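These figures come from a predicted structure and were not determined experimentally. Throughout, a chain's letter reflects where its sequence line sits, starting with A, and its residues are numbered from 1.
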Protein chains: 2
Amino acid sequence: MSLCSFEPFSEKMNSKEILQNHISKTISLTDEEFEYFFSHFKVQSFKKGQTVISAGDKVNCEYFVISGCLKAFFINDEIKMYILQFAMPTWWTSDYDALYNKTIATINVDCITDVEVLCLSNEDREKLCKEFHQIEHFFRWRTNKGYIASQKRLLSFMNNNTKKRYEELLALYPQLYNLVPKHLIAAYLGVSRETLSRLYNS
Amino acid sequence: MSLCSFEPFSEKMNSKEILQNHISKTISLTDEEFEYFFSHFKVQSFKKGQTVISAGDKVNCEYFVISGCLKAFFINDEIKMYILQFAMPTWWTSDYDALYNKTIATINVDCITDVEVLCLSNEDREKLCKEFHQIEHFFRWRTNKGYIASQKRLLSFMNNNTKKRYEELLALYPQLYNLVPKHLIAAYLGVSRETLSRLYNS
DNA sequence: TGGGTTACGTGATGTAGGTCACATTCTTTT
DNA sequence: AAAAGAATGTGACCTACATCACGTAACCCA
């Protein structure tokens, strides 16, 4: 699991410390405030292969990854899969469209490895944002970063060919190479597994 | 210019009313608070073809569009152009990566038509967010919406062929068809102008 | 420990879209 | 009103990638 970790020593930290360490990079809360914040999260464990969000279901929570790796993906015509995000430790994942707009999920989230997450409901996030200006600030910045990353990926999609996008992905997240099967990397890049296979045998 | 407008009667409103109408959809400010908020914006006018942000420059502001239409785009190898966003009345635009991370611009913004914008500096936005919890809330929601839209476009890119993406774009923004030249629509879709041309002649 | 599922490699062939080249029309400038 | 410059249409040809098909290797798990 330590393969997925972006923040040092996380395997020595418990989930509370991992979250505290994560948010302290953006805002400062007193220990008391953080305790209150943390009390709204629920620890959940999943086994490899288990489903966290199914397309068609109602979505109530977002998930902060403590350990393991998940994928958020879309299934086209019940056939092809496209991966929107690999979620690694200290990343957040959900179907944010469904979550914020209170519609049913159009994307799925499931577990590539055994996973531990902290789960925060939509209502609790909004409540916390209302109660603590700092927490609203934190979530604004988190989304900002996600937005910027998403724009960059879009650009890379238009501008780069598959080979370049593959190299870019591995440069950014070298741990993916050993952690997730190649056909999932293909699904992230938006190409067939055959094309990806031919790519790195040359 | 009324072609670009998504909010009714905007041509009868002045820039202050347009902004007030826009933010009142997410938060409620007193008239006094709004006056203070508005006092941080600077009106700017541009002629068709003028540059607002150049790749390589420092980026200090984000722009709220009052009238007209801009494009935010990336130039690859000094040759190919990819459009990240068409910015229409009541939309926000900038190079957010450069703006938030205080780096130089990698994307350009220029004017497809004559344009009027309200300009807000990064420092003033952060100051206002700090001073008014409500304003921080507004900007969190604005970015949320942008993030969700960006994810959807990414999915559409992977999942749909050019024809479908073209129809999707026109269904969402019918006014684009008459407002912007076809080769810019091609640059938004990420295909060559020739391909797009052949597409709707069939 | 063996049988079934999942992951991966590779050939043959089809196709969407890119690139280049040139013609036509529409728009802007002087 | 003429000239120059954009924007668009269209043919010929090329390339990256998809799809189908089949084979092999690795990994569960009963």
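- H183(B) has a side-chain polar atom (N or O) that falls below the 4.0 Å cut-off from OP1 or OP2 of dT8(D).
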Below 3.5 Å between N/O atoms, which protein atoms pair up with nucleotides 25-30 of chain D? Just atom names and distances, please.
none

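- If you look at W92(A) and Y147(B), their ring centroids are not closer than 6.0 Å.
- In this structure, K182(A) satisfies the cation-pi test against Y177(A), with its NZ or CZ atom closer than 6.0 Å to the six-membered ring centre and inside 45 degrees of the ring normal.
- Ring centroid separation for the pair Y200(B) and Y166(B) comes in under the 6.0 Å cut-off.
- One finds no salt bridge joining E168(B) and R153(B) here, because no Lys/Arg side-chain nitrogen approaches an Asp/Glu carboxylate oxygen to under 4.0 Å.
- For R165(A) and Y188(A), the positive end is not near the middle of the six-membered ring at less than 6.0 Å and at most 45° from its axis.
- The six-membered or imidazole ring of F64(B) lies away from that of W91(B), with a centre-to-centre distance of 6.0 Å or more.
- For Y200(B) and dG9(D), the shortest distance from a side-chain N or O to OP1 or OP2 is below 4.0 Å.
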What's the verdict on salt bridge (Lys or Arg N to Asp or Glu O under 4.0 Å) for R140(A) and E126(B), showing C-alpha distance, side-chain angles and the deciding distance?
-> CA-CA 11 Å; R140(A) 175 164 75 90; E126(B) 291 305 313; 2.8 Å; yes
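- Taken over five-pair windows at either terminus, the axes of the helix from dG4(C)-dC27(D) to dT30(C)-dA1(D) are inclined to one another by 50° (rounded to 10 degrees).
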Can you check nucleotides 10-18 of chain D for protein contacts, nitrogen or oxygen pairs under 3.5 Å, and list what you find?
residue, atom, partner, partner atom, Å
dT10(D), OP2, N201(B), ND2, 3.0
dG11(D), N7, R198(B), NH1, 2.9
dG11(D), O6, R198(B), NH2, 3.1
dA12(D), N6, R198(B), NH2, 3.4
dC17(D), OP1, T162(A), N, 3.2
dC17(D), OP1, T162(A), OG1, 2.8
dA18(D), OP1, S192(A), N, 3.1
dA18(D), OP2, S192(A), N, 3.1
dA18(D), OP2, S192(A), OG, 2.8
dA18(D), OP2, T195(A), OG1, 2.4

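- With respect to the salt-bridge test (charged N to carboxylate O, under 4.0 angstrom), the residues K130(A) and E136(A) do not qualify.
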